[in-house]
Each structure stands twice: as structure tokens, then as C-alpha cells.
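Atoms considered below: every heavy atom in the structure, side chains included; atoms not considered: hydrogens, waters and symmetry mates.
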Amino acid sequence: MRLRYTNLLSAALGLALTLALSAELAARDRSPGRPLFEAAYAAEQEDPEQALDMYERALKQGLGKELRKAARWRLFYLYRKAGRYGEALGMAAQLGSDKKLRNVLGDLYDEIAVRYSVPRDAAREYATGLKLLALDRDEQAALRFEKSLQLSRSSPKGNAALRAAITNRLMRRGDSQTALTVLRQEGEKNRKGARLARADLLVKLKRDKEARKLLAQMAADPATAKWSHADQSRVFYLLARISRRAKQAAATVRWFRLAAVHAKFARDAELQSRMQSLAAYELVSRGHVRAARGLMLGLPASQDRNVRLLDLMLKAHVDGNEASRKQLKALLAEQPARKSRLTQ
């Protein structure tokens, strides 16, 4: 997809004009935030992140009308350049609706469409949803997000990427209910991807009763048997997490092992090793180290440090393998201990 030349030219001219006027505006402005604005302007090339922070602080300290608008334009461009579309469109929501902004937003829709591999109409609806969120119009934003997912179904990978972006944005706002609503509405039409994403979110939110019910419905659906092995592995992984929180050790081990089996069929050796290791870790936590050692036999080599630690620990403890003991000691000395992913 090519960006429209006229809009691209307009955006470039707008950026150049904003840059050219910023120094002149700063010289005339005597507001409290002016020094920070000047510092931000000077820092843009060397440290864009610092410039973003300083522009935001300058706005909070107070800027004159013209310099305030210039700061918002600078924030819009910097956020857009960083791929932070939510923040960029939040600034756009404060810039009014003139021809220049409409052209720049049209160009942004093209950019989002390319980034997520979705139709332009879907990108526009997604961007409009982000803009509405910035205005705290969450219900209207949710409708736009649902529309964007509907329009992107022709591109499964793009649809999944857009769904993840929407969910992450809403969760960063602490708006889990709107995220679940969007996924529920989408799940009525796009049963696999959205329902699995909703189950995933419910588990993260520790709403295990709802998650278990949804996963049970998915498991009973004949269409689930036609899902990819990677998706089926995810279903069993989520069931394992729910069972682990309920302290149901046998079920936890069973689900993790089934997740590992489907990961193997999906030819994802790293995922297979991690799922099987999670089952083994559950056995270790219950004192069944020999059974855990049996689960680790024959697993593909893993790049996950914690999987390697567990494997070496079991070889050293159960097999009495001195070489594994030395490797374990060396691996532990490489970096400070940190929370194991196997407990997550």
C-alpha cells in the first residue's frame, strides 16, 4: 500500500512549517512553560523520548495559545514517529479539525494500515477509536474498535495484530471491561481469535470462573478440533493456569502436558519445552521430583534460562550427575536470580 502523495507532501510541509515557527513563537512567548518548550525543541534530534517528556511538562506548566498549539503538534509528530498512535491521536483530539490536520490524519491511516496489514477503512476506524478514547468517550470508542475488527477480518494476521493493539491500549488505561466487551462482540462473529483473546484476558484478570466457562464452551465446539495446534496449545495452557491457581495439581500437570503435545505438533520446539517444563515444575513444587525428571527426558534444547535451570537441577538432584551440577552452578553465577517465568 502506498501513502498518498498529496497527503504525504502536506504532512511534510506542515512539519517543516511547525519547525520553522517554533523558535519564533518561543521568542515571543513569556509563559511559565517556555524554557521547557525551548529545551524540548533543542533535544528532539538527540533524545526524542526526553523531548516528549519536556513538551508534556511544558504544557502542564502553562504555555501561551500559539506555543501550546505548537507543542501539541510537536508531540503529535514525535508520538507518531515512535509508533505510539494512541498518544499521537490524543494530541490530534486537542488540535481541532482543520484541513492540515485532516490531511495528516489521512496519511496516518495509511501508515496504520501498512503497519497492521489491514484495509485502510479498518485503520481509520481504529484511529478514530483511539481519538475517542483520548476524549474519554469510551462507549463510542468501543463501537469504532468493533468496526475496525469487523473490517479487518479479511486479513487474519492483521486482525489478530489489531485486536492485540486494541486490548493492550484499553488495558493500559485500566479499562478491562471495555476490552472484554469489544472481544465479546467480536467473538460472536469471529469465534476463534476473539474468543481465545477474551479467555486469555479473563485469565490475566484472574476472573477464572468466567474464563473456565468460556474455555469449556470452546472445547465443546466441534470447530475447535479444526484449530491450529498452536491455538489448541494456548487453550490448554490457559486451563492449566486456572487449575494451578485452584491448587489442582493433577489437572495442572495434565493441561500443561497437553499444551506441550500440541506445541510439538505445531513444530514449536521452544514452546514445547516450556509447556513440558511448566508441568515438571508443578510436580517439583509438590515434591514429585522423580516424576518431574521423567517429563524432562528427551525435550528439545531450550534457550529459556529457567527451563535450562530446571533441567540441570533435576539431572543433578535425581541422576546425581556431577557435570550437570557444575553447569547449574555456572549458570546461576552468570546473573542474579530473578523471578522464574515457570511460576508465571
Side-chain angles (χ1 to χ4, degrees), residues 79 83-94 105 108-109 112-113 115-221 223-224 227 230-232 234-239 241-242 245:
Y79 279 131
R84 295 167 61 177
Y85 298 127
E87 289 89 343
L89 286 155
M91 283 297 111
Q94 301 178 51
L105 288 179
L108 181 59
Y109 302 154
I112 292 173
R115 175 171 178 174
Y116 291 111
S117 299
V118 295
R120 188 176 186 277
D121 287 348
R124 186 186 64 245
E125 293 294 333
Y126 168 65
T128 304
L130 290 176
K131 194 173 178 181
L132 288 166
L133 272 187
L135 297 171
D136 293 323
R137 292 157 62 180
D138 291 21
E139 291 185 7
Q140 292 172 282
L143 293 174
R144 294 290 189 161
F145 289 147
E146 290 166 19
K147 184 70 172 177
S148 72
L149 292 172
Q150 177 186 340
L151 291 169
S152 65
R153 284 188 206 129
S154 59
S155 172
K157 288 185 178 180
N159 179 267
L162 203 58
R163 187 188 310 119
I166 291 168
T167 303
N168 291 338
R169 184 65 187 172
L170 290 168
M171 291 303 293
R172 284 200 299 272
R173 282 173 56 91
D175 197 351
S176 59
Q177 194 53 52
T178 299
L180 289 169
T181 298
V182 171
L183 291 173
R184 183 174 62 249
Q185 294 297 327
E186 171 66 4
E188 293 177 1
K189 302 175 183 67
N190 184 7
R191 297 182 69 80
K192 182 181 75 171
R195 294 174 82 193
L196 188 54
R198 186 164 178 260
D200 203 322
L201 182 55
L202 286 168
V203 171
K204 287 178 182 176
L205 294 170
K206 298 184 179 180
R207 293 168 61 169
D208 291 347
K209 185 177 180 180
E210 295 171 75
R212 190 187 291 275
K213 180 180 178 180
L214 179 57
L215 288 164
Q217 292 172 351
M218 292 160 64
D221 189 340
T224 304
W227 286 11
D231 286 335
Q232 292 188 62
R234 189 67 185 176
V235 169
F236 290 123
Y237 167 71
L238 293 175
L239 285 168
R241 287 187 61 181
I242 294 170
R245 278 203 286 259

In the structure I gave you, are the side-chain heavy atoms of Leu202 and Leu215 within less than 4.5 Å of one another anywhere? no

Does the side chain of Phe145 come within less than 4.5 Å of Thr178's, by heavy atoms? no

How far does OG1 of Thr167 sit from CG of Asp175, to the nearest 0.5 angstrom? 11.5 Å

If I take atom CZ from residue Arg153 and atom CG from residue Leu162, how far apart are they, to the nearest 0.5 angstrom? 12.0 Å

Least distance between heavy atoms, Ala211 atom then Ala199 atom: CB-O, 4.2 Å

At their closest point, which heavy atom of Ser155 faces which heavy atom of Ser117, and how far apart are they? OG-O, 2.8 Å

Working to the nearest 0.5 Å, report the span between CD of Glu146 and CD1 of Ile166. 9.0 Å

Can you tell me which residue among Arg234, Arg241, Arg195 is in a side-chain hydrogen bond (donor to acceptor under 3.5 Å, both in side chains) with Asp200? Arg234

Tyr116 vs Tyr126 aromatic rings, parallel, tilted or perpendicular, using cut-offs 30° and 60°? perpendicular

With no hydrogens and no angle check, do the side chains of Arg163 and Asn159 hold a donor and an acceptor under 3.5 Å apart? yes

Within-4.5 Å side-chain heavy-atom neighbours: Leu105 and Leu89: yes

Under a 4.0 Å threshold between the charged nitrogen and the carboxylate oxygen, would Asp136 count as salt-bridged to Arg173? yes

Distance in Å, Gln232 CD paired with Met218 CE, rounded so as to fall on 0.5 Å steps: 10.0 Å

Check whether any side-chain heavy atom of Leu135 lies under 4.5 Å from a side-chain heavy atom of Gln140, and answer yes or no. no

Do Arg115 and Ile112 have side chains that approach each other closer than 4.5 Å (heavy atoms only, starting at C-beta)? no

Do any N or O atoms from the side chain of Ser152 and from the backbone of Gly158 form a donor-acceptor pair under 3.5 angstrom? no

Euclidean distance, Leu130 CG relative to Arg84 CZ, rounded to 0.5 Å: 13.0 Å

Which pair of heavy atoms, one from Gly90 and one from Ala134, lies closest together, and at what distance? CA-CB, 3.4 Å

Apply side-chain contact (heavy atoms from CB on, under 4.5 Å) to the pair Leu238 and Leu196, showing each step before the final yes or no. CA-CA 10 Å; Leu238 293 175; Leu196 188 54; 4.2 Å; yes

Only one of Arg144, Gln150, Lys147 clears side-chain hydrogen bond (donor to acceptor under 3.5 Å, both in side chains) with Glu125; which? Arg144

So how far is it from Arg184 CZ to Leu201 CG, rounded to the nearest 0.5 Å? 11.5 Å

Can you tell if the side chain of Arg245 reaches within under 4.5 Å of the side chain of Val203, non-hydrogen atoms only? yes

Is the shortest heavy-atom distance from the side chain of Leu180 to the side chain of Leu205 under 4.5 Å? yes

